[in-house]
Number of protein chains: 2
Amino acid sequence: MSVEKAALAEKLAAFERTCEQQGLRLTSQRLEVFRVLVQATDHPTVETVHRRVLKKLPRTSLDTVYRTLSSFEENRLVTRVGGIPGSARFEANMDPHHHFVCAQCGLILDLHSQALDGIQLKRELPKGYEIERAQVELRGICAKCRDSQA
Amino acid sequence: MSVEKAALAEKLAAFERTCEQQGLRLTSQRLEVFRVLVQATDHPTVETVHRRVLKKLPRTSLDTVYRTLSSFEENRLVTRVGGIPGSARFEANMDPHHHFVCAQCGLILDLHSQALDGIQLKRELPKGYEIERAQVELRGICAKCRDSQA
DNA sequence: ATCCTTGCAAAGCGTTTGCAGGCTA
DNA sequence: TAGCCTGCAAACGCTTTGCAAGGAT
């Protein structure tokens, strides 16, 4: 337990350092949002983070959690899990394949990889879990966006 | 070209078969939405599909496209690309790792896989493309959902 | 003729934004 | 004190839904 506490303290210290470096003011709300997320293992929604923050800071608003998480994301303190930002996208290609997603422009590229197809993933999962579609999603930067960036 | 036309015709025939099997009425809108998606390579949004459908069927409404795509998805005629359905989810774990997502209950599990980490993906991509985060997202069914299903 | 499907309109939900007051540095 | 951050409220965009008319079987 004391090991976990030490790890938490270290992460909070790193958090404060990053805030200072990035010019983010250290408010009680930000600290609590970060603490909630560090202690979470369930990849919570904004709503859920808000509910947990309210236990310690009952006057915190949902918008603040939204804004806080966005600024954390920009400063690489937290990650938004999964999901291609924007609206839903569809394809009729039902053959098993993978996707490369450009993090900047949202371009989606079909990807075929023998290496990916061949991986034994089942053994990495807990018992009882079943892979329905071993679809892989890679995030990156496409050629066009990389050029316009540089 | 005639090869592609034949392939298209075959897919449309399979489409009609599936519709009949599933008791989906064959309407001009459904046929056109499917045709647009079969011919698309860019994983279009609902909005984009709608715009393309309008070229042939100018009175088609956006809601119909939404409803059509949803029913197609249920009948495994098309796939929704990427994205964990529902609201955004966050984590503070910034170490590189992968995710298993339960297609049914939305559970997200952190996944560590030497096999995944070691894959050479760069060579599968077109020139100029760069992988920012080689994060893999697997979709499947978790133990709990599989049990309650059976 | 039946009843599924469509178009229209309105509502729903998650998320973002403008503003005035409060708090950090 | 200066300016960022917060809470409140309203707006926003994407998606879903209720309803009556239209169309497929």
Side-chain angles (χ1 to χ4, degrees), chain A residues 12 15-36 43-54 56-75 77-90 106, chain B residues 12 15-37 43-51 53-54 56-75 77-90 106:
Chain A
L12 290 179
F15 169 71
E16 297 191 11
R17 243 177 286 132
T18 306
C19 282
E20 191 171 356
Q21 283 170 19
Q22 307 293 334
L24 291 180
R25 290 191 177 165
L26 197 61
T27 68
S28 52
Q29 291 91 332
R30 281 188 177 148
L31 202 89
E32 189 54 24
V33 166
F34 186 75
R35 197 204 316 262
V36 163
H43 311 80
T45 64
V46 180
E47 211 34 76
T48 302
V49 172
H50 182 228
R51 212 176 310 126
R52 293 177 190 167
V53 167
L54 285 180
K56 280 210 182 164
L57 302 173
R59 295 190 39 75
T60 309
S61 74
L62 182 59
D63 352 295
T64 294
V65 179
Y66 270 106
R67 275 185 282 225
T68 302
L69 288 174
S70 290
S71 87
F72 283 0
E73 196 185 5
E74 285 172 21
N75 291 285
L77 285 162
V78 304
T79 310
R80 192 180 296 256
V81 180
I84 298 162
S87 9
R89 300 178 66 166
F90 291 84
Chain B
L12 291 178
F15 168 71
E16 297 191 11
R17 240 177 289 133
T18 305
C19 282
E20 192 170 354
Q21 284 169 19
Q22 308 293 335
L24 291 180
R25 289 190 179 165
L26 198 61
T27 67
S28 53
Q29 291 90 333
R30 282 191 176 144
L31 203 90
E32 189 55 25
V33 166
F34 187 76
R35 198 205 315 265
V36 162
L37 222 42
H43 311 79
T45 64
V46 180
E47 214 28 81
T48 303
V49 172
H50 182 228
R51 214 177 307 127
V53 168
L54 285 179
K56 282 210 180 162
L57 301 174
R59 295 189 41 75
T60 309
S61 74
L62 181 58
D63 353 298
T64 294
V65 180
Y66 270 105
R67 276 186 282 225
T68 302
L69 288 173
S70 289
S71 86
F72 284 179
E73 196 185 6
E74 286 172 20
N75 292 285
L77 285 162
V78 305
T79 310
R80 192 181 295 257
V81 179
I84 297 164
S87 8
R89 302 178 63 167
F90 292 84

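For clarity, every value in this text was computed on a predicted model and none was experimentally measured. Just the heavy atoms: all of them, side chains too, but no hydrogens, waters or symmetry mates, feed the values below. Lettering follows sequence order; numbering is per chain, from 1.
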- Quick one: what's the B/S/- string for nucleotides 15-25 of chain C, heavy-atom cutoff under 4.0 Å, read 5' to 3'? BBBB-----BS
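Side-chain atoms of B:Val53 and B:Gln29, non-hydrogen and from C-beta on, never get closer than 4.5 Å to each other. Under the 4.5 Å side-chain criterion, counting only non-hydrogen atoms from C-beta, A:Glu47 is in contact with A:Arg51.
Aromatic ring pairs are classed by plane angle as parallel below 30°, tilted from 30° to 60° and perpendicular above 60°; the pair A:Phe34 and A:Phe72 is perpendicular.
B:Glu32 pairs by the side-chain hydrogen bond (donor to acceptor under 3.5 Å, both in side chains) definition with B:Arg35, not counting sequence neighbours. Partners of A:Glu73 under the salt bridge (Lys or Arg N to Asp or Glu O under 4.0 Å) rule, at least two apart in sequence or in another chain, are A:Arg80. A:Arg52 meets the salt bridge (Lys or Arg N to Asp or Glu O under 4.0 Å) test with A:Asp42; sequence neighbours excluded.
Annotation: the terminal axes of the helix from C:dA1-D:dT25 to C:dA25-D:dT1 meet at 40°, where each axis is the rotation carrying the C1' atoms of four end pairs onto the next four (5 pairs per end, rounded to 10°).
Across every non-hydrogen atom of B:Leu69 and B:Val78, the tightest pair is O-CG2, 4.0 Å. Counting all heavy atoms, side chain and backbone alike, B:Thr60 lies closest to B:His50 at O-NE2, 2.9 Å. Between A:Leu54 and A:Arg59, the shortest heavy-atom distance links the atoms CD2-N, 4.5 Å.
Of all nucleotides in DNA chain D, those with any atom nearer than 4.0 Å to a heavy atom of chain A start and finish, going 5' to 3', at D:dG3 to D:dT15.
For B:Leu69 and C:dT6, the CG to P distance is 11 Å, given to the nearest whole Å.
A:Gln22 CD: more than 12 foreign heavy atoms inside a 6.0 Å radius.
Among the atoms of the strands shown, none is found under 4.0 Å from any heavy atom of A:Thr45.
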